[in-house]
Number of protein chains: 2
Amino acid sequence: MAVRGSASKETVKPKPLDRDRIVSAALRLVRREGIARLTMRRLARELDAGAMSLYRHIADRDDLLLAMLDHVAQSIQVPAPQADETAEIMAVMKAFHDTFRTDPWLVGVLLNEGQASLHILPLVERIFSALYRLGLEGEQVIEVYLLLIHYSYGESLSFETAGKRKHLLETFGVAAADRYPASAAAMSAARGWQYREFQPNIARILKAITPRQTV
Amino acid sequence: MAVRGSASKETVKPKPLDRDRIVSAALRLVRREGIARLTMRRLARELDAGAMSLYRHIADRDDLLLAMLDHVAQSIQVPAPQADETAEIMAVMKAFHDTFRTDPWLVGVLLNEGQASLHILPLVERIFSALYRLGLEGEQVIEVYLLLIHYSYGESLSFETAGKRKHLLETFGVAAADRYPASAAAMSAARGWQYREFQPNIARILKAITPRQTV
DNA sequence: ACCTGAACACCGTTCAAGT
DNA sequence: ACCTGAACACCGTTCAAGT
């Protein structure tokens with residue numbers, strides 16, 4: 001048994017706390033058990049520290065969440081630039097999507113903490129730039145940007161909570177098929193469906209803003 | 001001063017608790033102070049009851065949230081049917097959007113509680129029906145449905161937390177305009193913008209699924 | 001300088017006890 | 001039958017005290 005402060009050279013001897021060690025441990029915890037289980041006390045226990053020692057290195061829980069956000073944002077795999085504008089936007093959105101799949105709690109942090117990491121600026125720039133090159137103007141650019149972003153927020157949150165969600169089919173019940181035939185048809189088409197709506201739906205959005213061929 | 005159980009005929013004499021009174025009080029509280037302030041103890045105080053009396057009428061907090069969801073779903077203003085399919089979908093989505101504007105906390109409940117109210121089935125049916133009439137098939141129907149729903153989730157959650165969010169422009173800082181010209185242009189186009197992305201964006205989505213004129 | 005236990009003001013919920 | 005206070009097992013955070 002490891003005794004705190006024992007003379008034996010244990011590898012578990014308490015390393016000093018620092019911001020990086022706290023953020024890393026928090027990320028590990030959140031990925032293993034979900035954001036709801038990330039409490040200051042639990043995190044401290046994970047670090048073999050007193051619950052209050054964390055406050056030497058982080059201001060409060062929000063500060064921790066923002067530090068975690070920043071850490072993840074820095075690690076985003078930046079996709080290669082694409083000549084074609086829609087391919088460029090698809091690539092950047094896929095990078096965001098992949099990030100939200102690994103860390104779905106990020107969306108909640110982005111919404112609740114009210115600020116993003118500065119590390120995503122280059123990626124955001126690539127989207128705006130492509131939208132301008134596609135010929136969008138004025139408020140259209142913001143609107144379409146928000147369509148892309150808000151859709152990916154909703155999709156990610158939905159995926160995050162998909163586990164505890166009853167399939168619509170169950171909620172409906174079998175009897176409802178008579179009264180709601182289109183819903184029933186859609187539900188049965190969705191059976192065994194691979195939940196890969198994201199890419200086709202981004203493509204749909206981009207199709208809507210691409211000027212139609214007028215020959 | 002009203003004395004509990006006094007003989008005087010006060011209007012504040014404790015009415016008996018029941019499910020409806022609890023749900024109504026919870027809705028009032030949540031609309032006034034936000035979902036975070038809806039705690040069992042606070043709600044009980046609002047009803048001049050002991051904190052634990054609520055549990056005679058509701059199973060737990062989740063049960064209460066679902067009851068609130070159901071109440072709101074029943075009160076949705078059902079829009080008149082539209083002959084044109086895209087107009088029909090626009091109308092139904094507007095009804096959802098209006099509902100989420102009044103009660104943004106609904107989205108969180110829908111995501112976290114993992115079930116919707118049966119009262120929205122007629123509205124969902126109208127969307128699926130219109131999508132089929134537009135010629136969509138198989139998984140396309142589900143994909144586009146989820147595009148519409150997930151976008152409106154993201155938009156609503158974003159609106160809910162818009163107050164505490166710093167405008168991207170502030171996060172960027174002025175200096176960043178050199179490195180990120182497209183972002184800066186978009187941000188300044190967004191200045192004074194009316195945050196009415198929803199309708200145009202639903203229209204964009206529908207445009208993408210409408211077959212192009214091939215003359 | 002760095003860490004921490006006790007304490008404060010909260011949570012949701014259980015349970016035995018009151019009327 | 002209906003209500004409730006005390007209690008349990010949690011939260012985030014403050015603050016005075018320890019080394």
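Every value quoted in this text rests on a predicted model; they were computed, and no experiment measured them. Numbers restart at 1 for each chain; the letters A, B, ... are given by sequence-line order, proteins then strands.
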Checklist line | Test side-chain hydrogen bond (donor to acceptor under 3.5 Å, both in side chains) applied to Q199(B) and H97(B), step by step | finding: CA-CA 9 Å; Q199(B) 300 269 40; H97(B) 184 252; over 6 Å; no
Atom [atom1] of [X] to atom [atom2] of [N]: distance rounded to whole Å?
| X | N | atom1 | atom2 | answer |
| --- | --- | --- | --- | --- |
| R45(A) | dC10(D) | CZ | C1' | 11 Å |
| D48(A) | dC2(C) | CG | C1' | 17 Å |
| R42(A) | dA9(D) | CZ | P | 17 Å |
| M52(B) | dC3(D) | CE | C1' | 12 Å |

Check: If only side-chain N and O atoms of H57(A) are considered, is one of them under 4.0 Å from the OP1 or OP2 phosphate oxygen of dC3(C)?
Finding: yes
Checklist line | P gap between dA9(D) and dA9(C), integer Å | finding: 22 Å
Check: Parallel, tilted or perpendicular: which describes the rings of Y153(A) and H150(A), with under 30° parallel and over 60° perpendicular?
Finding: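 Y153(A) and H150(A): tilted rings.
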Margin query: For R41(A) and R56(A), find the nucleotide of DNA chain C closest to each by heavy atoms; which residue's nucleotide sits nearer the 5' end?
Written below: R56(A)
Item checked: dA16(C) - base-pair partner by Watson-Crick or wobble geometry, distances under 3.5 Å -> dT4(D)
Item checked: Base-pairing mate for dA9(D) - Watson-Crick or G-U, with both contacts under 3.5 Å ->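 Here dA9(D) is not engaged in any pair, so there is no nucleotide opposite it.
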Check: Between CZ of R56(B) and CG of L17(B), what distance do you get to the nearest 0.5 Å?
Finding: 11.5 Å
Next item on the list: Given salt bridge (Lys or Arg N to Asp or Glu O under 4.0 Å), test R204(B) with E143(A) step by step and report yes or no.
Entry: CA-CA 10 Å; R204(B) 281 188 179 93; E143(A) 284 176 1; 3.1 Å; yes
Next item on the list: Answer with base, sugar-phosphate or nothing: what part of the nucleic acid does T39(A) contact at a heavy-atom distance below 4.0 Å?
Entry: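 Sugar-phosphate contact only.
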